[in-house]
**Q** 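My questions all concern the structure below.
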Amino acid sequence: MRPAALLLAFTATLTAQVEVGMSPIAYALDESSRALRPLIGTPGSAYLGRPLALPFAIRWAELRGATGVVVDTEGIAHRLTNLDRTELGPATAVWLDATGTQTLLAVAPDQVRFPNDPPVTLSAPVAAVAFSQRCAILATNADDIATLHRLCADRPTELQSLRTFPGLAITALAIAGDSLFAAARAQRQILHIREPFGSSPAATFDTEAPPIALAAPSPSGVLAAFEDNPRLLALPSRDWIDLPTPPDRLQWLSNGRLLACSAVNIDQPLLVLDLAQDRNAFFIPLTRSEE
């Protein structure tokens with residue numbers, strides 16, 4: 001670890017620990033300050049601490065605790081490992097698997113690459129990504145046809161087209177065990193496909209509201225969020241989870257535990273779903289000194 005990075009990581013972590021005598025359990029991107037804030041305490045009695053003093057502003061962040069990838073406002077991706085930084089090069093977006101170890105970078109709307117590998121060009125812009133073991137499953141939309149592709153880390157230049165869905169535009173993907181779930185927002189549908197994804201029949205769930213996000217909390221199913229609906233749908237069980245307000249995202253903050261359901265900014269607290277607390281939802285306010 002470089003001395004400057006070591007000092008930065010130590011100082012940032014120590015600052016958070018001094019605030020309440022404990023380490024943060026996750027970090028979230030504050031869209032107002034374009035900085036990471038530590039989530040301190042246990043949801044239900046937690047708050048977001050002061051922004052970390054990273055040497056750049058952040059436009060995009062995918063985090064699993066203190067590990068993940070961020071894209072700064074200059075368009076450079078950085079891998080964070082316990083807040084130590086490794087530059088990954090230019091990127092416009094980033095996707096992580098559930099553990100935060102597998103990374104896919106977008107270098108243009110229709111180009112993606114694994115770190116240290118050359119870019120691969122798709123026939124249309126990438127609309128959604130999910131991970132199945134060491135492979136990324138990507139969805140693209142063009143001419144009223146959605147296409148699923150597979151790109152694997154051990155064959156980083158071999159893009160495989162899996163199947164097409166005429167009349168659909170896929171906007172979100174999630175993989176739970178051997179099942180792929182795909183949301184089509186405009187068509188108000190969620191597809192369920194078992195391995196092999198390229199040939200298995202697709203079961204279709206029609207939804208009353210447009211699905212806006214998917215996340216896989218376990219190998220047995222996924223959660224779906226819907227536009228202007230303060231509930232999450234568990235699939236394939238079709239059970240509902242109540243939230244205090246409609247979510248606008250489902251984004252992992254820590255592996256298998258915390259899902260962000262809203263943005264963080266100076267005007268609103270963070271809404272999280274805590275899978276370790278019986279799937280209860282909590283608001284996480286900013287540190288009191290900033291309220």
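Position 1 is the first residue of the sequence, and the numbers go up from there.
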**Q** With no hydrogens and no angle check, do the side chains of Arg79 and Thr103 hold a donor and an acceptor under 3.5 Å apart?
**A** yes
**Q** Report yes if some heavy atom in the side chain of Phe114 is under 4.5 Å from a heavy atom in the side chain of Gln102; otherwise report no.
**A**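 A side-chain contact under 4.5 Å exists here.
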**Q** What's the verdict on salt bridge (Lys or Arg N to Asp or Glu O under 4.0 Å) for Arg257 and Asp274, showing C-alpha distance, side-chain angles and the deciding distance?
**A** CA-CA 6 Å; Arg257 177 177 178 179; Asp274 190 347; 2.9 Å; yes
**Q** Show every ring-ring contact (aromatic ring centres under 6.0 Å, His included) that has at least one partner inside residues 163-197, sequence neighbours left out.
**A** Phe181-His192
**Q** Quick test of your reading of the model: are Arg249 and Glu31 salt-bridged, counting only N-O distances below 4.0 Å?
**A**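 Glu31 and Arg249: salt-bridged.
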**Q** Between Thr86 and Thr81, is the side chain to side chain contact (heavy atoms under 4.5 Å, CB included) condition met? List the steps.
**A** CA-CA 8 Å; Thr86 302; Thr81 304; 5.8 Å; no
**Q** Do Phe205 and Ile193 sit in the same hydrophobic cluster, where Ile, Leu, Val, Met, Phe, Trp and Tyr count as joined when their side-chain heavy atoms come under 4.5 Å apart?
**A**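 No; Ile193 is not reachable from Phe205 via cluster members.
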**Q** Applying a strict under-4.5 Å side-chain criterion to I, L, V, M, F, W and Y, I'd like to know whether Leu250 and Leu243 cluster together.
**A**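 Linked, Leu250 and Leu243 end up in one cluster.
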**Q** Locate the shortest heavy-atom distance separating Asn265 from Asp30; write the atom from each residue and the value.
**A** CA-OD1, 3.5 Å
**Q** Is the number of heavy atoms from other residues, nucleotides or ligands under 6.0 Å of Asp143 CG greater than 12?
**A** no
**Q** What heavy-atom pair brings Gln187 and Leu168 nearest, and what distance separates the two atoms?
**A**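 Looking at all heavy atoms of both residues, the shortest contact is CG-CD2, 3.6 Å.
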**Q** Hydrophobic cluster membership, with links at side-chain heavy-atom distances under 4.5 Å among I/L/V/M/F/W/Y: are Ile25 and Leu48 in one?
**A** yes
**Q** Scan Val129, Thr67, Val69 and name whichever one has a side-chain contact (heavy atoms from CB on, under 4.5 Å) with Leu96.
**A** Val69
**Q** Which of these passes side chain to side chain donor-acceptor pair (under 3.5 Å) with Asp72: Arg34, His78, Arg59?
**A**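 That would be His78.
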**Q** With Thr157, which residues qualify under side-chain hydrogen bond (donor to acceptor under 3.5 Å, both in side chains), at least two apart?
**A** none
**Q** Membership question, hydrophobic clusters at under 4.5 Å side-chain separation (ILVMFWY): are Leu151 and Ile137 in the same one?
**A**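 No, no single cluster joins them.
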**Q** Are Leu52 and Leu80 connected in a single hydrophobic cluster, I mean Ile/Leu/Val/Met/Phe/Trp/Tyr linked by side-chain heavy atoms less than 4.5 Å apart?
**A**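 Per the 4.5 Å side-chain linkage, Leu80 and Leu52 are co-clustered.
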